[in-house]
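The structure is given below, and queries will be raised subsequently.
This one's a predicted model, so the numbers in the text were calculated from it and none came from an experiment. We count ligands from 1, going down the list as the structure has it; atoms in each ligand are counted the same way.
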Amino acid sequence: MKAAVLHGPRDLRIESATVPAPAPGEVLVRVKAAGLCGTDYRIWSGDRPVRYPLIMGHEFIGEVAAVGAGVTHLMPGDRVAVEPNYSCGSCALCREGNRNLCAKRTAVGIDVSGGFAQFARLPARCCWLAPAGLTEEQLLLTEPLAVMVRAVARAEVKPGATAAVVGAGTLGLLGLQVLRARGARVLVVGRTDRRLSLARQLGAEAVHALAAGPGSEAARAFSGREGVDVVVETAGTPEAVAGAIELARPGGRVVLTGLPHEPSQVHFFWVVRHELTLVGSMIYQDEFPEAMRLLHDGAVTVAPLVTHRFPLDAIGDAFVAYRQPDSIKIAVIP
Ligand SMILES: [Zn+2]
Ligand SMILES: [Zn+2]
């Protein structure tokens, strides 16, 4: 099979590799499409160290090609979305129902071979059967959508509430739609006008470009009071985290999903004075079925989010496109 193998920072080579055989409890997936996100970019550029050589790619979908012994809930030909994280199952966190926080969690495409290849071998429990009728694009966005399903659940948003989403990339534009599905009115705060007009198209009642001034004023104008009820932060930059806190009303809730890799200057005076609740939200653990349901019901639209497609042979171009302002979700097709 063909695979994109990372040998070191920015050293990604298309090579031929042996098709792996599924062990007991595993499946072999023929990869149909793999999304590229900021995590992939950080691994590719060397910002995030990994063990080389590595076949990256953690947001992928495909068709079951073979199943190992003992796998009964999947069969060859099944269309699946891959949940690329699996926990150890035995530590205190896993036993407490916090498997997304397991310190011994294995991430497919980061710790072990992933989906930038024609085939990938995975534990069967990583595969979620696609409901009939989901398009390939919808299936591909299931993984980031599951992140947002969890984040919005942790926001404890009530129908009629006001919400702000910080960041208008893939996660922000999906989070906006999940908030809408839960009955919230949504303001999207972002950088580029192109993405903000897409946010409008996808149901944002108001948008605010950061270049036009601080988001806090926009949040006050939008909510008609001191700020919005809930904030969902998806950008993950230190400035975005600090700015997100200023959008919430006193007594509001701020959910952080972006991973700020540098320390953030948070004005904690604001948190105490306004009795804000700050909540982290880390990937997902049981949110794939709900993400698929939202897609199936049409509550979440993904077609405008997939802006670029590259064949596996041109994966280098996919990493270049990732940095361009007009790209949202990039798909690699093996
Ligand atoms: Zn990702
Ligand atoms: Zn564990």
With a distance cut-off below 6.0 Å to the six-membered ring centre and an angular limit of 45° from the axis, does R185 pair with F222 as a cation-pi contact?
-> yes

More than 12 heavy atoms of other residues, nucleotides or ligands under 6.0 Å from CD of Q265: is that the case?
-> no

Do E137 and R309 have side-chain heavy atoms sitting under 4.5 Å apart?
-> yes

What protein N, O or S atoms come within a distance below 2.8 Å of the Zn ion (ligand 2), ordered by chain and number?
->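 Hits for the Zn ion (ligand 2) below 2.8 Å: C88 SG, C91 SG, C94 SG, C102 SG.
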
Look at E143 and state whether any of its N, O or S atoms is less than 2.8 Å from the Zn ion (ligand 1).
-> no

Does CZ in R191 sit with more than 12 non-hydrogen atoms of other residues, nucleotides or ligands closer than 6.0 Å?
->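 Atom CZ in R191 is not crowded, with 12 or fewer foreign heavy atoms closer than 6.0 Å.
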
NE2 (H58) - the Zn ion (ligand 1) - OE2 (E59) angle, nearest 10° = 120°

D286 vs R99, salt bridge (charged side-chain N to carboxylate O under 4.0 Å, His left out): CA-CA, chis, key distance, verdict | CA-CA 10 Å; D286 294 308; R99 60 187 174 85; 3.0 Å; yes

Would the number of heavy atoms belonging to other residues, nucleotides or ligands and lying under 6.0 Å from CZ of R253 be above 12?
->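 For R253, atom CZ is crowded (more than 12 foreign heavy atoms under 6.0 Å).
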
Among V188, L176, V207, find the residue that satisfies the side chain to side chain contact (heavy atoms under 4.5 Å, CB included) test when tested with R200.
-> V207

